[in-house]
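Lettering follows sequence order; numbering is per chain, from 1.
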Number of protein chains: 2
Amino acid sequence: MADRDREHLLLHLAVDLAILTVREDVLQVLVIERDNQPYRGQEALPGGFLRQGEDLLSAAERELAEETGLDGKALHLEQVAAYGAPDRDPRDRTVSVAYLAIAPDLPIPVAGSDARSAHWAPIGQVIGKLAFDHSTILADAVERARERLELTTVAAAFCGEPFTIGDLRKVYEAVWGMPLDPRNFNRKVANTEGFVLPTGARRVPETGRPATLYRRGPAQKLSPPLMRHSAAF
Amino acid sequence: MADRDREHLLLHLAVDLAILTVREDVLQVLVIERDNQPYRGQEALPGGFLRQGEDLLSAAERELAEETGLDGKALHLEQVAAYGAPDRDPRDRTVSVAYLAIAPDLPIPVAGSDARSAHWAPIGQVIGKLAFDHSTILADAVERARERLELTTVAAAFCGEPFTIGDLRKVYEAVWGMPLDPRNFNRKVANTEGFVLPTGARRVPETGRPATLYRRGPAQKLSPPLMRHSAAF
DNA sequence: ACAAAAGTGTTCAATTTACACCCATGG
DNA sequence: CCATGGGTGTAAATTGAACACTTTTGT
């Protein structure tokens, strides 16, 4: 870090959230409708400004709680990247740090204190249409989520506990946008040490054989990884 | 992005670089010795502040050129993460965006305009001893580099062109900190479409059979990945 | 001839893939 | 009994790990 010219640039620092969930077998993101200029009436990712004495992750957790009423520590929350194009906010110079949050299918889309109209929208329906550079941020966050499903056990964070292996498979299919063989998927997950733990209970579906219910296991990383071969939007 | 309270926090934005190379079969990082407080005399990662009208990547390229005299566009340069702990800089509130740069073994450690004493140091020799939170940044950058070697063809960015497959293997061994089977490695690289392209020429080593020389191929991603099983520092 | 690094061949085990087949339930 | 989703079995193909062996140079 240089020491000369400490007077350089002062700027705002925003934290924006790509909160993803799987609803009705489709990958969706929480968006808000902007009620101020610029981009008034357009959809955007929820976010806010970093406060005095606050860490980046703490700011992300606070925003998440404000928008969804959920405890950030309970959800998967990870930094994606920082975005700093000089003109990304037409008002002031603002650098934004984007976070990816993974939420189970919530009964309430928004229970937060924030009065703005927030709602879930399928990725394909909003990507390319968001305010600021939020479409880029969303695309990066979705790509990150896809990678994480290959290499880690976070897919379970999309499921409310307890869940079935079929639920988990639908998460993979929605996020990767491709069908998977239910039989091989079942074995793969069940045989990966620490991915899921059986609860002993079963769930009876509308039709078909009851499925074993599981909770998340202690494993964080998948080795060997669960691989996708090609993906579609 | 919230609109209320746009007056919130104004802060400095730094861009810090973890410039990695492999020298003498060891993974090394470019560090500078600080000649101002705080952390005077201690080693730190090179970096500087974001300027008016400048993108984050442009700032990283500029800093890279200032420190090494190299063209940032010619090297592999990717964002690692943003760091924003409130007390990470004891002077002002500063958020830093860290970049990972991968350089071939340069004849000149530093040819930059910057007069500060910069030099290469083995990772293990400086990690835990750097100023600010730079040890954390460096650890994250090294982990990122290790992942990239598994999944992408960036290892070639550590080699000056042309290079032999043996050169490439030494990069993997240095970055991962583990020996690899030269015979299987050779086949793996040669059979991965677009990883390396033979130049037709050969290089005669001090001793042993001459090795075919290669350039980087067009492939960016490795599929299937080249996997490490465990790593050591 | 020997040492050393490059590169090929081969074998065995592990993994992936595709798909047949059985299980358990509601209608 | 049928439809539906859960789950096991299994055989073929692919991949990975280990290592014997050949090639090509300098000394």
Report task. In whole angstrom, give the distance that lies between atom CG of A:D181 and atom P of C:dA20. Result -> 11 Å

Below 3.5 Å, can you tabulate the donor-acceptor pairs from side chains in residues 211-227 of chain B to any protein atom, sequence neighbours excluded?
{"from": "B:R216", "atom 1": "NH2", "to": "B:T153", "atom 2": "O", "distance (Å)": "3.4"}
{"from": "B:R216", "atom 1": "NH2", "to": "B:T153", "atom 2": "OG1", "distance (Å)": "3.3"}

Report summary line: A:E206 CD to C:dG26 P, in whole Å, measures 12 Å

Report task. Would you kindly compare B:T207 and B:Y214 by the position of their nearest DNA chain C nucleotide and give the one closer to the 5′ end? Result -> B:T207

Query raised in the report: Do A:R62 and A:E66 meet the salt-bridge criterion of a basic N to acidic O distance under 4.0 Å?
Result: yes

Report summary line: From the candidates C:dG7, C:dC23, D:dT24, the one with an atom nearest any side-chain atom of B:A211 is C:dG7

Report task. Compute whether any side-chain donor of one residue and acceptor of the other, for A:Y83 and A:D140, lie under 3.5 angstrom apart. Result -> yes

Query raised in the report: What pair of heavy atoms forms the shortest contact from A:E63 to A:G48, and how long is it?
Result: OE2-CA, 3.3 Å

Query raised in the report: In whole Å, what is the span from the CZ atom of B:R187 to the C1' atom of D:dA18?
Result: 10 Å

Query raised in the report: What residues in residues 189-201 of chain B put a non-hydrogen atom under 4.0 Å from any atom of DNA chain D?
Result: none

Query - Length of the line joining A:N186:CG and C:dC23:P, which is rounded to integer Å - result: 16 Å

Query raised in the report: How many Å lie between CZ on B:F185 and P on C:dT8, as a whole number?
Result: 14 Å

**Report entry** Between C:dT16 (P) and A:L222 (CG): distance, integer Å
**Finding:** 11 Å

Query raised in the report: Looking across every strand, which nucleic acid part, if any, lies under 4.0 Å from A:T212 by heavy atom: base, sugar-phosphate, or nothing?
Result: sugar-phosphate

Requested in this report: Could you pull out the closest heavy-atom pair between B:G84 and A:L56, with the gap in Å?
Outcome: N-CD1, 3.5 Å

Requested in this report: Just compare C:dT25, D:dT8, C:dA6 and give me whichever is closest to any side-chain atom of A:R183.
Outcome: D:dT8

Query raised in the report: At under 4.0 Å between heavy atoms, what does A:P205 touch on the DNA or RNA strands: base, sugar-phosphate, or nothing?
Result: nothing

**Report entry** Distance-only donor-acceptor test (3.5 Å): side chain B:R209, base C:dA5
**Finding:** no

Query raised in the report: When the ring planes of B:H134 and B:F132 are compared, do they come out parallel, tilted or perpendicular, using 30° and 60° as the limits?
Result: tilted

**Report entry** Between C:dT16 (C1') and A:K188 (NZ): distance, integer Å
**Finding:** 8 Å

Query raised in the report: Does the pair A:E143/A:R228 count as a salt bridge with the N-to-O cut at 4.0 Å?
Result: yes

Report task. Quickly work out the A:N184 CG to C:dA20 P distance and round it to whole Å. Result -> 13 Å

Query raised in the report: With a 4.0 Å cut-off on heavy atoms, is B:R169 in touch with a base, just the backbone sugar-phosphate, or nothing at all?
Result: sugar-phosphate

